[in-house]
Asker: 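Can you keep this structure in mind? I'll have questions shortly.
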Amino acid sequence: MSTEEESAPADATEALEQLGRLAPREHSMESLLQTAADLTKKAMPGHPELSVSLLINDQPGTVVYTGRLALHCDERQYERGHGPCLHAARSGELTEIADTRTETRWPDYVQRAAERGARSSLSVPLPINEGVYGALNIYAREPNAFDQDSRSVATKFAPYVAVAAAHLCDEDAGAVDNSLQAALEAGAIIDQAKGVVMERYQLTADQAFQFLAQVAMTTKTRLRDVADRLLHTGQIPLE
C-alpha cells in the first residue's frame, strides 16, 4: 500500500471531524454549506470540483460550488431538465457517470460535460425537507475516478451537507424559497468580487473564491455580504 493510500482515510476522518465541530448558529448558512463542500473536496481523490444542488418544488439551483467546472455542469443539466445531479435528487439514488465520453444516458448533457473537462461524476442524494431535495455533486477531470472507497467517503459526507442545507432551507416553505433565491442572486455579486480578489492578490478564480469563503467563515458573515462590501468599499472585513 502506498503512502498516499495510507493517508487518504486519515484525511477523510479529519475532514469529517471538522464538519462535526461546525456549529450552525456560529456561521451563516451559505458559509456553512461552502465549508462542507470544501472539506468534502479535500477528502476526495483526483482534485475534483463539487457543488450542492437543491430542488424546491422541482425547481433546481446551485447554492454552493468549489469551482466553475461544477457550476457549469450543474447549469447544463438545469437547462435540459435532466442529468445525474437531477436524477440523484429526484430518485434518491447514488448516480455515477464513469466516463462522459462513453455514457449513453443524457447524451446531450454528457457531450457538453466532456467538452468542458468533466470526465466522470458522482451525485449523492440529499433528502432535505418535504418538497425540498438535493444532491452533492462531485465532478472529476479523469474517467473512472471513483472506486468503492471514494463512494463510501462521499456518502459519509452527504448527511453533514444535508444538515447544512436544511438549515439554509428553513422549515417554512416561503422562507425556503426566499433563502434559495437570495443565494442564487448572490452569485453575480460574488463573481464580481472574485474578479477584484484575483486582480489584487494575483489568484486564480478558484483561489479567489476560497479566499472569500474563508473570510466569510472567519468573520461569521454571509459570503454575499463580504463580496458586497468589497465591491462598494474596496475593503475586506477581517474581524
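Not measured: the values here are computed from a predicted model. Along the sequence shown, the residues carry numbers beginning at 1.
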Asker: Spell out, yes or no, whether Met44 and Leu94 are grouped together once hydrophobic residues are joined by side-chain heavy atoms under 4.5 Å, including indirect joins.
Answerer: yes
Asker: NE2/His87 to OG/Ser123 distance, rounded to the nearest 0.5 angstrom?
Answerer: 10.0 Å
Asker: What distance do Gln111 atom CD and Arg116 atom CZ have between them, rounded to the nearest 0.5 Å?
Answerer: 14.5 Å
Asker: Once rounded to the nearest 0.5 Å, what's the spacing between atom OG1 of Thr62 and atom CG of Asp74?
Answerer: 3.5 Å
Asker: Scan side-chain atoms only and decide if Asn137 and Ser53 contain a donor-acceptor pair under the 3.5 Å cut-off.
Answerer: yes
Asker: Would you say the side-chain atoms of Arg141 pair up with the backbone N or O of His47, donor to acceptor, closer than 3.5 Å?
Answerer: yes
Asker: I'd like to know if Tyr78 and Tyr109 are part of one continuous hydrophobic network [Ile/Leu/Val/Met/Phe/Trp/Tyr, side-chain heavy atoms within less than 4.5 Å].
Answerer: no
Asker: Could you tell me whether the side chains of His82 and Gln77 share a donor-acceptor contact shorter than 3.5 Å?
Answerer: no
Asker: Looking only at side chains, do Ser120 and Tyr139 share a donor and an acceptor under 3.5 Å apart?
Answerer: no
Asker: Decide yes or no on side chain to side chain contact (heavy atoms under 4.5 Å, CB included) for Val161 and Thr40, but give the supporting numbers first.
Answerer: CA-CA 9 Å; Val161 178; Thr40 307; 4.3 Å; yes
Asker: Is Gln34 reaching over with its side chain to a backbone N or O of Tyr65, donor-acceptor style, under 3.5 angstrom?
Answerer: yes
Asker: Going by an N to O cut-off under 4.0 Å, is there a salt bridge joining Arg68 and Glu49?
Answerer: no
Asker: Regarding Asp147 and Ser150, is there a side-chain donor-to-acceptor distance under 3.5 Å anywhere?
Answerer: yes
Asker: Got Leu55 and Val132 here, is their nearest side-chain heavy-atom distance under 4.5 Å?
Answerer: no
Asker: Say you draw a straight line from CG of Leu122 to CG of Leu136; how long is it, rounded to the nearest 0.5 Å?
Answerer: 8.0 Å
Asker: Measure from the side-chain N and O atoms of Arg229 to the backbone N and O of Gly234, and report whether any donor-acceptor pair falls under 3.5 Å.
Answerer: no
Asker: Using the rule that Ile, Leu, Val, Met, Phe, Trp and Tyr join whenever any side-chain heavy atoms are under 4.5 Å apart, tell me whether Leu69 and Ile97 fall into a single cluster.
Answerer: yes
Asker: Evaluate the criterion side chain to side chain contact (heavy atoms under 4.5 Å, CB included) for residue pair Phe146 and Glu96; output intermediate values, then yes/no.
Answerer: CA-CA 9 Å; Phe146 307 103; Glu96 180 176 353; 3.7 Å; yes
Asker: Heavy atoms, side chains only, cut-off 4.5 Å: are Pro125 and Tyr133 in contact?
Answerer: no
Asker: When you measure from the side chain of Thr233 to the backbone N and O of Leu230, does any donor-acceptor pair fall under 3.5 Å?
Answerer: no
Asker: Nearest 0.5 Å, please: how far is OG1 in Thr66 from CG in Leu39?
Answerer: 11.5 Å
Asker: With a cut-off of 6.0 Å (strictly less than), are more than 12 heavy atoms of other residues, nucleotides or ligands near CZ of Arg101?
Answerer: no
Asker: May I have the step-by-step check of side chain to side chain contact (heavy atoms under 4.5 Å, CB included) for Arg200 and Ile236, ending in yes or no?
Answerer: CA-CA 12 Å; Arg200 182 178 297 182; Ile236 297 173; 4.2 Å; yes
Asker: Would you give the length of the straight line joining atom CD1 of Ile138 to atom SG of Cys85, rounded to the nearest 0.5 angstrom?
Answerer: 12.5 Å
Asker: Is the backbone of Arg112 close enough, under 3.5 Å, to the side chain of Arg76 for a donor and an acceptor to pair up by distance?
Answerer: no
Asker: For the side chain of His232 and the backbone of Asp228, is there at least one donor-acceptor N/O pair under 3.5 Å apart?
Answerer: yes
Asker: Hey, quick one: are Val124 and Leu54 part of the same hydrophobic cluster, counting side-chain heavy atoms closer than 4.5 Å, chains of contacts allowed?
Answerer: yes
Asker: Can you list the steps and then say if Arg105 with Thr95 is a side chain to side chain contact (heavy atoms under 4.5 Å, CB included)?
Answerer: CA-CA 11 Å; Arg105 297 171 293 176; Thr95 305; 4.2 Å; yes
Asker: Is the side chain of Ser91 donor-acceptor paired with the backbone N or O of Glu93 at a distance under 3.5 Å, no angle test?
Answerer: yes
